[in-house]
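Reviewing the structure listed below.
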Amino acid sequence: KLSYNIIGSDSIENIGNFNRSYTGSGGTYKFQWTNGINVKNLSFGIGLGYLFGGINKTRSIVFDDLNYAFDDYITSEYHVKGLTIKTGLLYHLRFNEKEAMENASVGLKKLTFGLTYDLPTRFTTTRDYLELSVQTLSSGGIINDTIISDIDKKGKGRIPGTLGLGVSFFNGEKTAY
């Protein structure tokens with residue numbers, strides 16, 4: 001999640017005061033479905049996800065004391081989408097399963113090994129970029145000059161895969177990692 005609003009004032013000799021503004025909002029999100037199966041001491045899981053979202057950013061510089069100055073305004077919007085796949089595997093090594101089932105006062109002791117793998121994610125992006133110079137006239141009129149207009153620019157990216165390993169020891173009602 002992204003959210004900021006920064007405003008700064010400054011001045012330059014022979015030009016006067018001006019304000020800079022930087023704002024941003026948005027973020028990426030993931031909708032995910034996950035399921036797993038367990039067969040004896042082995043568990044397998046898979047997660048399928050849809051990555052989506054967008055980020056909006058604006059920048060501006062406005063000259064307060066300079067008559068007929070061209071103020072600059074820049075906006076950019078980024079949108080992203082892609083599919084994610086995550087897998088996991090657990091193996092449970094039980095040491096005293098029979099004894100623990102026969103006697104409730106005996107705690108189960110087990111060692112669990114885990115492995116996860118997130119496949120590399122390829123995603124697509126769309127960007128809208130607009131840069132304007134705006135002049136406010138004393139009569140109240142406005143002159144807009146489009147410097148750059150780059151709408152619906154396509155792109156792509158990749159998030160690398162990740163591998164995770166883990167071990168835990170369970171002793172009765174306590175778990176140690």
Side-chain angles (χ1 to χ4, degrees), residues 1-10 17-39 41-64 69-92 110-136 142-170 175-177:
K1 186 89 176 156
L2 173 72
S3 179
Y4 62 89
N5 185 10
I6 302 168
I7 299 172
S9 297
D10 207 345
N17 296 324
F18 61 93
N19 293 309
R20 291 186 186 120
S21 173
Y22 305 90
T23 61
S25 63
T28 56
Y29 308 92
K30 183 165 60 168
F31 175 77
Q32 186 164 316
W33 171 85
T34 305
N35 204 349
I37 59 170
N38 186 39
V39 179
N41 292 339
L42 189 63
S43 300
F44 173 77
I46 189 165
L48 304 174
Y50 179 67
L51 179 68
F52 63 98
I55 295 174
N56 302 314
K57 299 190 294 184
T58 63
R59 296 181 296 175
S60 67
I61 184 165
V62 177
F63 297 93
D64 296 330
F70 279 91
D71 301 325
D72 293 325
Y73 298 90
I74 299 170
T75 63
S76 59
E77 296 180 11
Y78 296 90
H79 301 279
V80 62
K81 59 184 174 181
L83 297 175
T84 64
I85 300 174
K86 181 176 191 167
T87 60
L89 189 66
L90 288 176
Y91 180 75
H92 306 283
K110 69 179 177 178
L111 194 58
T112 301
F113 300 91
L115 172 70
T116 63
Y117 181 63
D118 293 0
L119 277 73
T121 299
R122 297 191 187 281
F123 59 89
T124 60
T125 61
T126 305
R127 181 188 78 167
D128 295 340
Y129 182 86
L130 183 62
E131 189 171 336
L132 297 174
S133 280
V134 178
Q135 184 181 45
T136 304
I142 295 176
I143 297 174
N144 286 326
D145 187 8
T146 302
I147 306 300
I148 299 172
S149 178
D150 192 11
I151 306 299
D152 204 29
K153 176 138 183 155
K154 305 292 185 198
K156 58 185 174 180
R158 182 178 179 271
I159 300 171
T162 59
L163 179 67
L165 301 169
V167 176
S168 69
F169 180 71
F170 184 80
T175 302
Y177 298 96

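For the single chain, residues carry numbers from 1 onward in sequence order.
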Exercise for the section: Return the minimal non-hydrogen interatomic distance between Ser9 and Asn19, and the atom names on each side. Expected result: OG-OD1, 2.6 Å
Handout entry: Distance in Å, Ser43 OG paired with Ile37 CD1, rounded so as to fall on 0.5 Å steps
Key = 8.5 Å
Exercise for the section: Indicate whether any N or O donor in one side chain lies under 3.5 Å from an N or O acceptor in the other, for Thr23 and Asn5. Expected result: no
Handout entry: Thr84: partners by side-chain hydrogen bond (donor to acceptor under 3.5 Å, both in side chains), with sequence neighbours left out
Key = none
Problem - Beyond-backbone contact of Phe44 with Leu42, side-chain heavy atoms, under 4.5 angstrom - result: no
Practice task
Can you measure from OG1 (Thr112) to CZ (Phe169) and round to the nearest 0.5 angstrom?
Solution key: 10.0 Å
Problem - Atom pair CG (Asp71) and CD (Gln135), whose distance is rounded to the nearest 0.5 Å - result: 9.0 Å
Completion exercise
Between Phe31 and Phe52, the two heavy atoms sitting closest are N-CE2, 4.0 Å
Problem - Close side-chain approach of Ile159 to Phe123, heavy-atom, < 4.5 Å - result: yes
Exercise for the section: Kindly compute the distance separating NZ (Lys86) from OG1 (Thr162), expressed to the nearest 0.5 Å. Expected result: 7.0 Å
Handout entry: Side-chain heavy atoms of Tyr4 within contact of Lys57, under 4.5 Å
Key = yes
Handout entry: Rounded distance (nearest 0.5 Å) linking atom CZ of Arg59 with atom CD1 of Ile61
Key = 10.5 Å
Exercise for the section: Please report the C-alpha distance between Leu48 and Leu83 in whole Å, then the side-chain angles of each, then the deciding distance to 0.1 Å, and finally whether the side-chain contact (heavy atoms from CB on, under 4.5 Å) criterion is met. Expected result: CA-CA 7 Å; Leu48 304 174; Leu83 297 175; over 6 Å; no
Under 3.5 Å donor-acceptor pairs involving side-chain atoms of residues 142-158, not counting sequence neighbours:
residue: Asp150; atom: OD2; partner: Arg127; partner atom: NH2; Å: 2.7
residue: Asp152; atom: OD1; partner: Lys154; partner atom: NZ; Å: 3.2

Handout entry: Thr58 side chain near Asn56 side chain, heavy-atom distance below 4.5 Å
Key = no
Problem - Distance, nearest 0.5 Å, that separates CD1 of Ile74 from CG of Leu132 - result: 9.5 Å
Practice task
Give the C-alpha distance, both sets of side-chain angles, the deciding distance and a yes or no for side-chain contact (heavy atoms from CB on, under 4.5 Å) between Tyr73 and Thr75.
Solution key: CA-CA 7 Å; Tyr73 298 90; Thr75 63; 5.8 Å; no
Practice task
Can you see which heavy atom on Ser21 is nearest to which on Ile7, and at what distance?
Solution key: OG-CG1, 4.2 Å
Exercise for the section: With sequence neighbours left out, write down each residue that passes side-chain hydrogen bond (donor to acceptor under 3.5 Å, both in side chains) with Tyr29, or none if nothing qualifies. Expected result: Lys1
Problem - Minimum heavy-atom distance between Thr34 and Gly47, given as atom pair plus value - result: OG1-CA, 3.9 Å
Practice task
State, with a plain yes or no, whether a side-chain heavy atom of Phe113 is found less than 4.5 Å away from one of Leu165.
Solution key: no
Practice task
Identify the two heavy atoms, one from Ala69 and one from Phe63, that lie closest to each other, and give their separation to 0.1 Å.
Solution key: CB-CB, 3.9 Å
